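Heads up: the structure comes next, in structure tokens.
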Number of protein chains: 2
Amino acid sequence: MDEKDAIAMLGALSQEMRLRIIRFLIGRGDDGASAGEIAEAMDAISSKASFHLSALERAGLITSERQSRKIIYRVSFLGLGGLLSFILNDCCSNHPDIREHCGLPNFEC
Amino acid sequence: MDEKDAIAMLGALSQEMRLRIIRFLIGRGDDGASAGEIAEAMDAISSKASFHLSALERAGLITSERQSRKIIYRVSFLGLGGLLSFILNDCCSNHPDIREHCGLPNFEC
DNA sequence: TCCATATTTCAACCTCTCTTGAAATGTTGA
DNA sequence: TCAACATTTCAAGAGAGGTTGAAATATGGA
């Protein structure tokens, strides 16, 4: 996870429907959801949902797996965790006391 | 910190120069840096730096304070922490075990 | 007051992103 | 093989974001 990857992920998350998709998929956990289910949940036409799903996948925030006719999308815990680690470590490595300002619990980075 | 605020912050961070400015200002800590110092450190013309500084300030990620002729910018620990909390709590409230996937230390959200 | 310094604002231009509907691709079951 | 289903790809248009140089604003000192 370098700066370029982080920027791609941050950019992917900074869009209303894409953030809603991520939250929806986090709620679904390991079951994930098909492109059609996601489009329906987002109240979006299929091509619009597909556009945002591929943006999220390109950024490494979700994964896809074909199951017969459907394509199942799942949140990538690895990707999302990598982004969080990147931001947290950038903070902590320079300023160990930033967590206090952030209202975050105390832990080692 | 609602979804709109988070999207604005994520969007502000998803740009190379702006992410570099944030990292630079984190390194400066409470001293902050003037617009001119930041522009020089970023190797950017003043209007470009100013454009990105106002984007970061509008998103709540930095603060500004005039000191005579100069304007001192500082990273907003409150803003950055709010964003981190938003993402972490969104994760944790739905899936308590996501931290394991994220490679993050164990703590309560 | 006048000048130099520090920074922002503005307008123009270009590029990238988002949205939409239609067409194409891939998959299953009759 | 054919029809229905599930999803993506494509092209076109609208809109948002980034870069630049010039002009405007604000401050401090001679």
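Chain A is the first sequence line, chain B the second, and so forth, proteins listed ahead of strands; every chain is numbered from 1. The shown structure was predicted, so the numbers you read here are calculated from the model rather than taken from an experiment.
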Mind checking side-chain contact (heavy atoms from CB on, under 4.5 Å) for A:A39 and listing every partner two or more places apart, or none if nothing turns up? A:A49
May I have the distance from B:E16 (atom CD) to D:dT19 (atom C1'), rounded to whole angstrom? 14 Å
In whole Å, what is the span from the CD1 atom of A:I21 to the P atom of D:dT7? 13 Å
For A:E40, which residues count as a side chain to side chain donor-acceptor pair (under 3.5 Å) partner, sequence neighbours excluded? none
Rounded to whole Å, please give me the gap between CD1 in A:I7 and P in D:dG17. 17 Å
Where at least one partner belongs to residues 49-64 of chain B, residue pairs that pass side chain to side chain donor-acceptor pair (under 3.5 Å), sequence neighbours excluded: B:R18-B:H52, B:E57-B:S64
Rounded to whole Å, NZ of A:K70 lies from C1' of C:dT28 at a distance of 12 Å
Any side-chain N or O of A:Y73 below 4.0 angstrom from OP1/OP2 of D:dT8? yes
Could you check if a side-chain atom of B:K48 sits within less than 4.5 angstrom of a side-chain atom of B:M17, using non-hydrogen atoms only? yes
If hydrophobic clusters are built from ILVMFWY residues whose side chains come within less than 4.5 Å, do B:F51 and B:L13 share one? no
Using the C1' atoms of five pairs at each end, what's the angle between the two axes of the helix from C:dT1-D:dA30 to C:dA30-D:dT1, to 10 degrees? 20°
My understanding is that only residues two or more places apart in sequence, or in another chain, count here; which of them pass side chain to side chain donor-acceptor pair (under 3.5 Å) with A:E65? A:R74
Can you build the contact string for nucleotides 14-21 of chain C? Use B for base contact, S for sugar-phosphate-only contact, and - for no protein heavy atom under 4.0 Å. ----BBBB
Nearest-Å distance for atom pair CD1/P, residues B:I72 and C:dT8: 11 Å
Take atom CD of A:E65 and atom C1' of D:dT7, then tell me their distance rounded to the nearest Å. 15 Å
Does C:dT9 have OP1 or OP2 under 4.0 Å away from a side-chain N or O of B:S50? no
Every protein N/O within reach of nucleotides 28-30 of chain D N/O, cut-off under 3.5 Å:
| residue | atom | partner | partner atom | Å |
| --- | --- | --- | --- | --- |
| D:dG28 | O4' | B:R69 | NE | 3.4 |

Can you tell me how far P of D:dC5 sits from CZ of A:R66, to the nearest Å? 16 Å
Contacts of type salt bridge (charged side-chain N to carboxylate O under 4.0 Å, His left out), residue B:E37, not counting sequence neighbours: B:R28
Just to be sure I understand the rule, does A:S54 reach a base, reach only the sugar-phosphate, or reach nothing, if contact means heavy atoms closer than 4.0 Å? nothing
side-chain contact (heavy atoms from CB on, under 4.5 Å) partners for A:A8, two or more places apart: none
Can you spot which of B:L53, B:L80, B:I38 makes a side-chain contact (heavy atoms from CB on, under 4.5 Å) with B:I62? B:L53
Could you pull out all residues at least two apart from A:D2 that satisfy side-chain contact (heavy atoms from CB on, under 4.5 Å)? A:K4, A:D5
Separation of A:I38 atom CD1 from D:dA6 atom C1', in whole Å? 13 Å
Among pairs that include at least one residue of residues 77-89 of chain B, which meet salt bridge (Lys or Arg N to Asp or Glu O under 4.0 Å), considering only residues two or more places apart or in two chains? none
